[in-house]
Protein chains: 2
Amino acid sequence: MNESLEHKRHTLAHLLAAAVLEKYPHAKLTLGPAIDNGFYYDIDFSGGEAPGDADLKDLQKSMKKLLNKWTEFSHEEVSATVARERFAGNQFKLELIAEIEAKGEPITLYSCGGFTDLCRGGHCEHPKDELDTDAFKLDKVAGAYWRGDEKNPMLTRIYGLAFETREELEAYEKQVEEAKARDHRKLGKELDLFTFSELVGPGLPLFTPNGTLMRDLIVEKIMKIQAKYGYVKVTIPHITKSDLYKTSGHWEKFKDELFHVKGQSDAEFVMKPMNCPHHTQIYDARPRSYKELPLRFAETTMVYRDEQAGELIGLGRVRSITQDDGHVFCTVDQIDQEVENIVNVIKQFYTSLGMFEEGKFWVSLSVSDPNEPEEYLGGREVWEKAESMLENVAQRLNLPYKRIEGEAAFYGPKLDFMFKDAIGRERQLATAQLDFNMPARFGLEYTDNEGKKQTPVMIHRAIAGSLERFMAIMIEHFAGNFPLWLSPTQLAVIPVADAHAPYATEMAEALREAGFRVNLDTSNDGMGKKIRNAKQMRLPYFIVIGDKEVESQTVTLESRDTATSELMNVDTLIAKLISEVNV
Amino acid sequence: MNESLEHKRHTLAHLLAAAVLEKYPHAKLTLGPAIDNGFYYDIDFSGGEAPGDADLKDLQKSMKKLLNKWTEFSHEEVSATVARERFAGNQFKLELIAEIEAKGEPITLYSCGGFTDLCRGGHCEHPKDELDTDAFKLDKVAGAYWRGDEKNPMLTRIYGLAFETREELEAYEKQVEEAKARDHRKLGKELDLFTFSELVGPGLPLFTPNGTLMRDLIVEKIMKIQAKYGYVKVTIPHITKSDLYKTSGHWEKFKDELFHVKGQSDAEFVMKPMNCPHHTQIYDARPRSYKELPLRFAETTMVYRDEQAGELIGLGRVRSITQDDGHVFCTVDQIDQEVENIVNVIKQFYTSLGMFEEGKFWVSLSVSDPNEPEEYLGGREVWEKAESMLENVAQRLNLPYKRIEGEAAFYGPKLDFMFKDAIGRERQLATAQLDFNMPARFGLEYTDNEGKKQTPVMIHRAIAGSLERFMAIMIEHFAGNFPLWLSPTQLAVIPVADAHAPYATEMAEALREAGFRVNLDTSNDGMGKKIRNAKQMRLPYFIVIGDKEVESQTVTLESRDTATSELMNVDTLIAKLISEVNV
């Protein structure tokens, strides 16, 4: 968010606090920052009545009224003693004052329209002139622990939405509304794709037959595309001795996010949170020659990360994460071609989803932050070389890229592909990452054409990324209306009456023979119900078989997306479907 | 082993002890039992010289000489005091005496040929007449802790082989020799199928591209066979809250073999050692109607068991175990047909390996031990019903079965398929298991055709069992010479000289197009080397392309198994290979 918008949002948090104090004089203010879609303020109402969602309208009115007097912000620096007097009785502000004092930082009070708050600054200078009263809205009330720690008192958090203009606010509200209708948790249940069990635990999805089929379709599509670039599958276990990550450098970085595994022995095992270190061990299983390079290992496998229970959202964030992972081991000379191949795989895959189109994606050239070298493994010259290699490929392939500092992985720079979904939300999906560090840490080698030992380079790559997150994004992007190739069931064949069942069965068999996933609906339900069922399950097509079709040996194809119906013979139908699947 | 053979082996342990004491008077005897292929005796030589492998010949000679005087065994019961006097100075025997005394059991001494040992009995009555001196052989010397506990002193274990006849001993030794040549750890390395890493840890294999391909071929074969019986894939995570196993009943049974998982929160997670409880949660994701049954869930997934480090052997016993698991949820009336379907899948799969042939396998009808009801979940009448249902299927399908008491799973009776490998070793592989207990424990339900709630039955089934163990067995059974469908690479195409490369490439492409896995060897190696490479990698076929083949537009097919060569055109070749793959 730009600075001006951030200042507006922060100003509105102050304005909210002022309105609250007017109506709830017992309220104790704590902290009120700007956030991505507006602002909030955490307030302690334990001394009396607390507002609920129903009270927000009134509070909003008060804010608008108060705003008339908010002509200009002023501030003063005060001593800790003065600040303590000013906020006597508010243990939260007193805690903040003590912290600022301990750090030796200045203590500042900001005032506007007669309301003063302990604050670091960052407001509109003239709120009355700068704020559009139609561009903000109080949103909802929630509970929040003081400083997010459940051992602390529970406060009341009041959320507000705020944008530059009324139009932007309305657009945002519309997006939220649309997102709700597309929510993958809701659609996932309707389309019978996945489930959660209280006995198994949060963040650990179980995939039904439909959901597993969708996973397999994604993985097979990617594997088929990348097979022609020489990718081969490998298989690793889900645990390892911690020694593996002590060698790779992940231990120091990610120790706290790991699930630790304990058997009867004293050995220190962990669940793998990534696959690259395991894959180095397959490379290292025997001596390698330059003739074997590039070696391209691919594996779709679950990794485990100890995400906070409160942050788990359906498939969007889980603890068992299926990665469509891949690692290329190659020489420095081969990097350019290998990255190009990966970009080609990404291009072909996302084209099949209609997402690799101008304006619908961009590429983040995620490079290191030169001011924080301690965040990265390896020397500067290696990083600069790797970063310029990636930038060269991005330029040569005409990728719409931006250089973003500080977004690199700790082992190397990346190309991160950012796609816009159907309702405009940006999602990071595919990635290609250079790594000049890990091979050396594991002592990987190959013999070059002069018989000398050399260290290979590693390229990490993912096409869909996490399959769970990818599925969540696809469900919401398509609102369940998946492209033909990705639909668990592709067609329903619906006989009008029992007499049409034999021909319907024949059609279903012909379609299955041609490789399509068909639901032949010979249940006792009426036509209308059968068609509603097919539509509710978002089947791309259904074909109705009645007298006309039997007589003319044709089928009537009805499309989910175009709402048209077309009479054709089964060969034409199959040819049409095959060409649609092979996008 | 039958009782007579066990007595002979135990008698030989005594005879060995007598021979040892003659030559090593400082030796302290401890325990000497009969084992599967003979006997051993654990002896403490810490008071002086200890024998090595080189001394076994002499000891064996002494045994044969002593045997002449071993005409008849006698025994006496003695008091603990007398026994202590007799074994004064031997702390091991004194410990055993104290234990027998504490249990209030009789203390017996067995004597023969002037040698006496503390013993429970179980010998030949007349060793000289009963033992064949050519049917036993001292085998090797190893270290062993007193009572298997590494905190105890290290003893010397002398192993002997012993059988009824010389022929049986020789046959056994030949089998051991053959097994060594087929050892899957050795062949797995040669054929580049899997590897282990010290950083990852013991019992956690990493599968190379070749090994992963073999795994996939096995899984695809099974999935293809069972798809026509309505099996569909599901996907579950590898961890769960312990609550799942507390509900299933596994917690009490298997708590100690589980890997426990700990994140930052207090939640008690474990790695799954089996998949059935997770699969019940997919069944339970929504209300089920009788119209949906049978539901047949299949999943190839890794389970984790904390096997002792000392018991891990290559792929034969691992900690990350890939199961080709499946669970059928059905009504009682459907059991019969579902078990028959499973047997059909097993039959078709093992036929493709040439193993489902008369005399090469038998079926264990593994039922409960009625004397130990506490070992099993659920009441007797349920067990009896389940056991008789399985027996009925086995009879109806003419399976060569034997009823084995005490071999049931704790939740139900099983059909376990036992196959003989190429060198006569028996291996338990496929299984079908009835379960009337778990569905009730999880409260699973379906609505029957009268609208009433009913509890479904579960059938657990595995076709290959553990993929790791299955691969180990297949590698050793075929000595690496896999059937065509299971070979990671199926053919090498070898041009005699550069001039033949274009036609060779054309042939390779035609074969790949037809779905075969081909290695086109255009390296700079000579013909002889190329053929040796193809043979060393156990490729089922290779085709050589020279002048004759280019001129006549044919190929010369050379077979690994028949050592014949045959001239044919490429269409004939492809037709021949397709028919061989579709066994």
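A note on names: the letters A, B, ... follow the listed sequences, proteins ahead of strands, and every chain is numbered from 1.
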Participant: With chain B as the partner, which of A:E299, A:H278, A:R319, A:K291 has the greatest number of non-hydrogen pairs under 4.5 Å?
Facilitator: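 Top option by heavy-atom pairs under 4.5 Å: A:H278.
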Participant: Has the side chain of A:Q264 got a donor or acceptor atom that lies under 3.5 Å from a matching backbone atom of B:E257?
Facilitator: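 No.
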Participant: Check whether A:R305 gets within reach of chain B through its side chain, its backbone, both or neither, counting any heavy atom under 4.5 Å.
Facilitator: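 Neither part.
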Participant: To the nearest 0.5 Å, how far apart are NE2 in B:H279 and CG in A:L206?
Facilitator: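 So the NE2 of B:H279 and the CG of A:L206 are separated by 8.5 Å.
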Participant: Are there over 12 heavy-atom neighbours, none belonging to B:E190, within less than 6.0 Å of that residue's CD?
Facilitator: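 Yes - once you tally the heavy atoms of other residues, nucleotides and ligands closer than 6.0 Å, there are more than 12.
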Participant: Which bit of B:P205 is near chain A, if near means a heavy-atom gap under 4.5 Å: side chain, backbone, both or neither?
Facilitator: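 When you check distances to chain A, only backbone atoms of B:P205 fall under 4.5 Å.
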Participant: Quick check on A:E198 against chain B: is it the side chain, the backbone, both or neither that has a heavy atom closer than 4.5 Å?
Facilitator: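 Just the backbone, heavy atoms under 4.5 Å.
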Participant: Count the heavy-atom pairs under 4.5 Å between each of B:I236, B:L204, B:N210 and chain A, then report the option with the highest count.
Facilitator: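 Between B:I236, B:L204, B:N210, the count favours B:L204.
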Participant: Test your reading of the model: is there a side-chain donor-acceptor pair from B:S197 to the backbone of A:Q281, 3.5 Å cut-off?
Facilitator: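 Not at all, since once roles are kept as given, no pair shorter than 3.5 Å links the two residues.
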Participant: For chain A, which candidate among B:K262, B:R215, B:H238 shows the most heavy-atom pairs at distances under 4.5 Å?
Facilitator: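 Counting heavy-atom pairs under 4.5 Å, the top option is B:H238.
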Participant: When you look at CG of A:N449, are more than 12 heavy atoms from neighbouring residues, nucleotides or ligands closer to it than 6.0 Å?
Facilitator: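 Yes, enclosed.
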Participant: Taking everything shown except B:E292 itself, do over 12 heavy atoms lie less than 6.0 Å from its CD?
Facilitator: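 Yes, because the 6.0 Å sphere around CD of B:E292 holds more than 12 heavy atoms from other groups.
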Participant: Can you confirm whether B:K228 is buried at NZ, in the sense that more than 12 heavy atoms of other residues, nucleotides or ligands lie under 6.0 Å from that atom?
Facilitator: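 Correct, the count exceeds 12.
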Participant: Report the C-alpha separation of B:I282 and A:F207 in whole Å, then their side-chain angles, then the decisive distance to 0.1 Å, and conclude whether the side chain to side chain contact (heavy atoms under 4.5 Å, CB included) test is met.
Facilitator: CA-CA 7 Å; B:I282 298 180; A:F207 292 89; over 6 Å; no
Participant: Please rank A:H260, A:K189, A:K246 by heavy-atom pairs under 4.5 Å with chain B and give me the top one.
Facilitator: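 The answer is A:H260.
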Participant: About how many Å separate OG of A:S265 and CD of B:Q308, when rounded to the nearest 0.5 Å?
Facilitator: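 The CD atom of B:Q308 sits 8.0 Å away from the OG atom of A:S265.
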Participant: Could you tell me which of A:A285, A:A267, A:G263, A:G201 has the largest number of non-hydrogen atom pairs under 4.5 Å with chain B?
Facilitator: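 Max contact count across the listed options: A:G263.
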Participant: Check the surroundings of atom CG in A:N524: do more than 12 heavy atoms from other residues, nucleotides or ligands lie under 6.0 Å from it?
Facilitator: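 Open: at most 12 neighbouring heavy atoms sit under 6.0 Å from CG of A:N524.
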Participant: Sort A:Y245 into side chain, backbone, both or neither according to what part of it lies under 4.5 angstrom from a heavy atom of chain B.
Facilitator: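 For A:Y245, no heavy atom lies under 4.5 Å from chain B.
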Participant: To the nearest 0.5 Å, how far apart are NZ in A:K241 and CG in B:L199?
Facilitator: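 CG of B:L199 is found 7.0 Å from NZ of A:K241.
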Participant: Between the side chain of A:Y304 and the main-chain N/O of B:P237, is any donor-acceptor distance below 3.5 Å?
Facilitator: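 No, because the side chain of A:Y304 does not come within donor-acceptor range (under 3.5 Å) of the backbone of B:P237.
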Participant: B:R286 and side chain to side chain donor-acceptor pair (under 3.5 Å): which partner among A:T208, A:D192, A:T195?
Facilitator: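 The option that passes is A:D192.
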Participant: Quick check for you: among A:L213, A:L244, A:T247, which has the greatest number of heavy-atom pairs under 4.5 Å with chain B?
Facilitator: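 Among the listed options, the one with the most contacts to chain B is A:L244.
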Participant: Of all residues at least two apart in sequence or in a different chain, which pass the ring pair (Phe, Tyr, Trp, His ring centres under 6.0 Å) check with A:F297?
Facilitator: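 So A:F297 forms a ring pair (Phe, Tyr, Trp, His ring centres under 6.0 Å) with A:F329.
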Participant: Hey, which of B:V232, B:I239, B:D284 has the most heavy atom pairs under 4.5 Å with chain A?
Facilitator: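 Sorted descending by pairs with chain A, the first entry is B:I239.
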Participant: Given a strict heavy-atom distance threshold of 4.5 Å, which part of A:S320 is in contact with chain B: side chain, backbone, both, or neither?
Facilitator: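 It is the side chain, since no backbone atom gets that close.
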Participant: Heavy-atom pairs under 4.5 Å with chain B - which of A:P277, A:P209, A:A309 has more of them than the others?
Facilitator: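 Highest number of pairs under 4.5 Å: A:P209.
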Participant: Checking heavy atoms, do the side chain of A:F269, its backbone, both or neither come under 4.5 Å from chain B?
Facilitator: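 The side chain, not the backbone.
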Participant: With a 4.5 angstrom heavy-atom cut-off, could you sort out which part of B:F194 is near chain A: side chain, backbone, both or neither?
Facilitator: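 Nothing of B:F194, per the 4.5 Å heavy-atom cut-off to chain A.
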